[in-house]
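A quick write-up on the structure given underneath.
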Amino acid sequence: MPLSTQSEAGDDQYILVASLDNVRNLSNILKAITLNDHALFNATPNGLKVTVEDSKCLQANAFIQADIFQEFTIREDSVGFLVNLTVLLDCLTIFGGSTVPGVTTALRMCYNGYGYPLTLFLEEGGVVTVCKINTQEPEEPIDFDFCSTNVTNKVILQSESLREAFSELDMTSEVLQITMSPSQPYFRLSTFGNSGNAHYDYPKDSDMMELFQCTKTQTNRYKMSLLKPSTKALALSSKVSVRTDNRGFLSLQYLVRNDDGQICFVEYYCCPDEEVEVE
């Protein structure tokens, strides 16, 4: 693809240049974290971290490693900007996301620093479209202070089994209750919806369970309205890590393979619902 294999004249002016032969490898991941209009982009030599927040109770992060890009050039230690994610996705899919075998849209994404727009060069079948999207000064994301040393319980599941659980639970429930315990029921998802209470249990030795590390019994409830957006990442993923810390904060980390078989991660942090008394 000409955009990603051949240097554009004037590349030296940009502090960030990222090129992809297949734009879907970026657009699919960004769709999985679309909680609201604005996303914080933070680029380092390791790659891109894109953060979206909602209601100060939910944070979604996409981690896109530098080696996923055919070219990834950054001229500073760290580059950050805020951009309208809805507009960005509209531009990335401007060619309609062709599903014709062998036909892909190439992307060259360039940024020249504070006050400059994010410039996208998109090419498909010899047609090039240039989009310029206004950027804003980045804001500091909320620090959920979720660190591995405070994690009390962790399981890693095949995503397929979690998708099955969500299809069987009652999504009219206002909350999803998660119980993690070193003893039975080990890992239980519960809903309390229009059709009554529903539970979905996973034995710790289930074929779908890749890792089971639970040190104490914890039962927490999370607003379903906050968790529903994470099902977009669940649909793309092959594995999911479910962790809770000593405060009951939830981390859902999804392993996603892109069209080229490379691995990206999408992580959601969610506050427990403190308004509900757990029996």
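The first residue of the sequence shown is numbered 1, and numbering continues consecutively from there. Keep in mind that this is a model prediction, so the values were computed, not measured.
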Does E71 come within less than 4.0 Å of R108, counting only side-chain N to carboxylate O?
-> yes

Going from OG1 on T129 to CG on L120, what distance comes out if it is rounded to the nearest 0.5 angstrom?
-> 10.5 Å

Between R163 and F166, is NZ or CZ placed under 6.0 angstrom from the six-membered ring centre and within 45° of the ring axis?
-> no

Worked verdict on L48 versus F41 for side chain to side chain contact (heavy atoms under 4.5 Å, CB included) | CA-CA 7 Å; L48 277 180; F41 276 67; 4.2 Å; yes

Show the numbers, then the answer: is there a side chain to side chain contact (heavy atoms under 4.5 Å, CB included) between Y268 and L35?
-> CA-CA 11 Å; Y268 277 79; L35 307 175; 3.8 Å; yes

Taking the side chain from E137 and the backbone from G80, do they hold a donor-acceptor pair closer than 3.5 Å?
-> no

Working for side chain to side chain contact (heavy atoms under 4.5 Å, CB included), residues T244 and T152 | CA-CA 6 Å; T244 52; T152 51; 3.9 Å; yes

Exam field: side chain S159 to backbone K239, donor-acceptor pair closer than 3.5 Å = yes

Would you say N36's side chain and E53's backbone share a donor-acceptor pair under 3.5 angstrom?
-> yes

Option among I94, D90, L118 that satisfies the side-chain contact (heavy atoms from CB on, under 4.5 Å) test with C131 = I94

More than 12 foreign heavy atoms under 6.0 Å from CG of D145: is that the case here?
-> yes

Is E139 close to H38 at the side-chain level, that is, under 4.5 Å between some pair of heavy atoms?
-> no

May I ask whether L211 and V151 are part of the same hydrophobic cluster, defined by side-chain heavy atoms of I, L, V, M, F, W, Y residues being less than 4.5 angstrom apart, directly or through others?
-> no

Between L227 and L250, does a side chain to side chain contact (heavy atoms under 4.5 Å, CB included) hold up when you go through it step by step?
-> CA-CA 10 Å; L227 291 181; L250 177 69; 3.9 Å; yes

Give a yes or no answer on whether the side chain of Q218 reaches the backbone of S181 with a donor-acceptor pair at less than 3.5 Å.
-> no

Run the numbers on F81 and Y111 for ring-ring contact (aromatic ring centres under 6.0 Å, His included), then give the verdict.
-> CA-CA 9 Å; F81 54 87; Y111 179 63; 4.4 Å; yes

Quick one: does T191's side chain have a donor or acceptor within less than 3.5 Å of a partner on G193's backbone?
-> no

Where does the angle between the aromatic ring planes of F212 and Y186 fall among parallel (under 30°), tilted (30 to 60°) and perpendicular (over 60°)?
-> perpendicular

With rounding to the nearest 0.5 Å, note down the distance linking CG in L162 to CG in L189.
-> 6.5 Å

Any donor-acceptor N/O pair, N61 side chain to V52 backbone, under 3.5 Å | no

Would you confirm whether D37, through its side chain, and N84, through its main-chain N or O, come within 3.5 Å as a donor-acceptor pair?
-> no

How many angstroms lie between atom CD of E174 and atom CZ of R221, to the nearest 0.5 angstrom?
-> 10.5 Å

Taking the six-membered ring for Trp, are F187 and Y202 ring centroids under 6.0 Å apart?
-> yes

For N25 and D259, indicate whether the former's side chain and the latter's backbone hold a donor-acceptor pair under 3.5 Å.
-> yes

Between Q158 and S161, is there a donor-acceptor pair closer than 3.5 Å when you use the side chain of the first and the backbone of the second?
-> no

Does the D260 side chain pair with the main chain of Q262, one donor and one acceptor, at a distance under 3.5 Å?
-> no

Just do the salt bridge (Lys or Arg N to Asp or Glu O under 4.0 Å) check on R243 and E267 with the steps written out, would you?
-> CA-CA 11 Å; R243 296 181 297 163; E267 185 161 41; 2.9 Å; yes

Student check: side-chain heavy atoms of I15 and I74 closer than 4.5 Å = no

Report whether L236 and L255 are members of the same hydrophobic cluster (ILVMFWY, side-chain heavy atoms less than 4.5 Å apart, transitive linking).
-> no

Is L92 reachable from L40 through a run of I, L, V, M, F, W or Y residues, each pair having side-chain heavy atoms under 4.5 Å apart?
-> no

How are the rings of F146 and Y269 set relative to one another: parallel (under 30°), tilted (30 to 60°) or perpendicular (over 60°)?
-> tilted

